[in-house]
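What follows is a set of notes on a single structure, which appears directly below.
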Number of protein chains: 2
Amino acid sequence: MPTAPPTEGRGKARADAGDLNLMDALAQLSFMVQGALAKRAADQDLSLIQTRLLGVLRDRRPTMQEVAQLLELDKSSVTGLINRAERRGLVQRSPSSEDRRSVHVTLSPVGRRVAQKVVRAFQHDIDAATAHLTKAERDRLRQLAASVVAEAG
Amino acid sequence: MPTAPPTEGRGKARADAGDLNLMDALAQLSFMVQGALAKRAADQDLSLIQTRLLGVLRDRRPTMQEVAQLLELDKSSVTGLINRAERRGLVQRSPSSEDRRSVHVTLSPVGRRVAQKVVRAFQHDIDAATAHLTKAERDRLRQLAASVVAEAG
DNA sequence: TATTGTTATACTCTATAACTATA
DNA sequence: TATAGTTATAGAGTATAACAATA
């Protein structure tokens with residue numbers, strides 16, 4: 001099942017690196033990566049979706065509707081998400097100057113700092129998880145992963 | 001931010017395959033993979049955690065407590081998870097013969113069939129997402145991903 | 001009429017604490 | 001006492017439907 005997270009450790013890395021098909025390898029890798037990110041987010045009392053929210057706000061000032069599109073959520077879900085984030089001082093709502101129906105969401109300084117902490121810790125996890133690879137292997141992995149991401153768009 | 005999912009499409013695959021560092025590439029890939037799995041699960045009216053549950057039951061007959069360990073959930077969360085899955089006929093509880101406090105959880109034929117449908121659809125998604133790579137590149141990606149998974153254990 | 005956002009409602013998912021029943 | 005599991009409770013997260021305000 002691709003749905004199983006990195007269940008039991010098996011030991012020997014390279015020896016076992018061949019016993020997974022592409023689907024299982026990518027599924028398990030994705031569970032590992034998301035698990036690490038979720039744990040680092042939890043260290044800052046953030047859920048994965050709150051962390052993603054802060055991420056998309058890093059260089060954007062979207063409306064509620066645009067947040068919904070970016071996160072692929074219903075607009076009503078975004079209302080609750082922003083309510084909770086705003087209550088914690090991570091983001092702010094501000095009225096649009098062009099369209100009086102719209103509300104823009106912005107990252108607060110606190111939100112930006114918290115997000116940076118998550119990213120730094122997560123970066124360390126990724127470094128540790130790929131430390132056994134050579135520099136060339138890491139770059140190859142980066143390149144292949146980026147290629148798959150770019151192709152899907 | 002590593003937390004941003006595959007936000008906007010950018011077009012040209014290979015041209016952009018170099019503009020992400022390893023952390024971002026793995027984070028975005030993981031969001032893509034998990035998103036695909038979640039959608040295929042949703043097609044069968046399953047959440048990601050329900051799908052993972054069916055996955056770990058494929059070749060196991062764990063107790064409630066073991067399910068909690070496998071999915072890294074509190075035992076009370078597992079009670080609810082199994083309740084909902086049992087209500088839908090996906091799994092069954094059966095009393096342990098050795099320890100009268102324990103309950104074993106087993107996959108029902110329906111649960112197994114539903115899980116297989118999710119896997120098949122997800123496999124197609126992975127195939128499509130990697131179709132632009134050469135056979136050698138796909139195998140290299142599989143090998144590197146499996147190596148990272150194995151190393152983390 | 002169409003769009004933006006919120007509210008009301010219902011459900012899943014999760015954890016903590018208290019409980020029951022075994023061991 | 002310790003462990004397996006459930007229950008009670010609280011809260012985050014999600015969607016659908018109905019609504020208000022604005023376009």
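Naming: A, B, ... by sequence-line order, numbering from 1 per chain.
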Is B/Ser77 reaching over with its side chain to a backbone N or O of B/Leu73, donor-acceptor style, under 3.5 angstrom? no
Do A/Gln34 side-chain atoms and A/Phe31 backbone N/O form a donor-acceptor pair below 3.5 Å?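 Absent.
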Give a yes/no answer on whether the side chain of [X] brings an N or O atom under 4.0 Å of OP1 or OP2 in [N].
X: A/Ser47; N: D/dG13; answer: yes
X: A/Arg88; N: D/dG11; answer: no
X: B/Arg84; N: C/dC11; answer: no

How would nucleotides 15-23 of chain C be written as a contact map, 5' to 3', with B for base contact, S for sugar-phosphate-only contact and - for no contact, using protein heavy atoms under 4.0 Å? BBB---BBS
What is the distance, to the nearest angstrom, from the [atom1] atom on [X] to the [atom2] atom on [N]?
X: B/Arg87; N: C/dC13; atom1: CZ; atom2: C1'; answer: 12 Å
X: A/Leu81; N: D/dA15; atom1: CG; atom2: P; answer: 11 Å
X: B/Asn83; N: C/dT14; atom1: CG; atom2: P; answer: 14 Å
X: A/Glu86; N: C/dT6; atom1: CD; atom2: C1'; answer: 13 Å
X: A/Ile82; N: C/dT7; atom1: CD1; atom2: C1'; answer: 17 Å
X: B/Gln50; N: C/dT12; atom1: CD; atom2: P; answer: 9 Å
X: B/Arg93; N: D/dA4; atom1: CZ; atom2: C1'; answer: 12 Å
X: B/Leu53; N: C/dT12; atom1: CG; atom2: C1'; answer: 14 Å

Any side-chain heavy-atom pair from A/Leu70 and A/Arg60 closer than 4.5 angstrom?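 They are in side-chain contact.
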So B/Gln116 and B/Arg120, do their side chains get closer than 4.5 Å, heavy atoms only? yes
To the nearest 0.5 Å, how far apart are CG in A/Leu37 and OG in B/Ser30?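 These two atoms lie 7.0 Å from each other.
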Proximity to DNA chain C (any heavy atom under 4.0 Å), residues of residues 61-69 of chain A only: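 Correct list: A/Thr63, A/Met64, A/Gln65.
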Does a donor on one side chain sit under 3.5 Å from an acceptor on the other, for A/Asp24 and A/Gln28?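 No, A/Gln28 and A/Asp24 have no side-chain donor paired with an acceptor closer than 3.5 Å.
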Would you please name every residue forming a side chain to side chain contact (heavy atoms under 4.5 Å, CB included) with B/Asp43, sequence neighbours left out? B/Arg40
With a 4.0 Å cut-off, would you call A/Arg52 and A/Glu72 a salt bridge?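 A/Glu72 and A/Arg52: not salt-bridged.
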Could you walk me through whether B/Arg93 and B/Asn83 pass the side chain to side chain donor-acceptor pair (under 3.5 Å) check? CA-CA 9 Å; B/Arg93 278 180 172 93; B/Asn83 282 349; 2.9 Å; yes
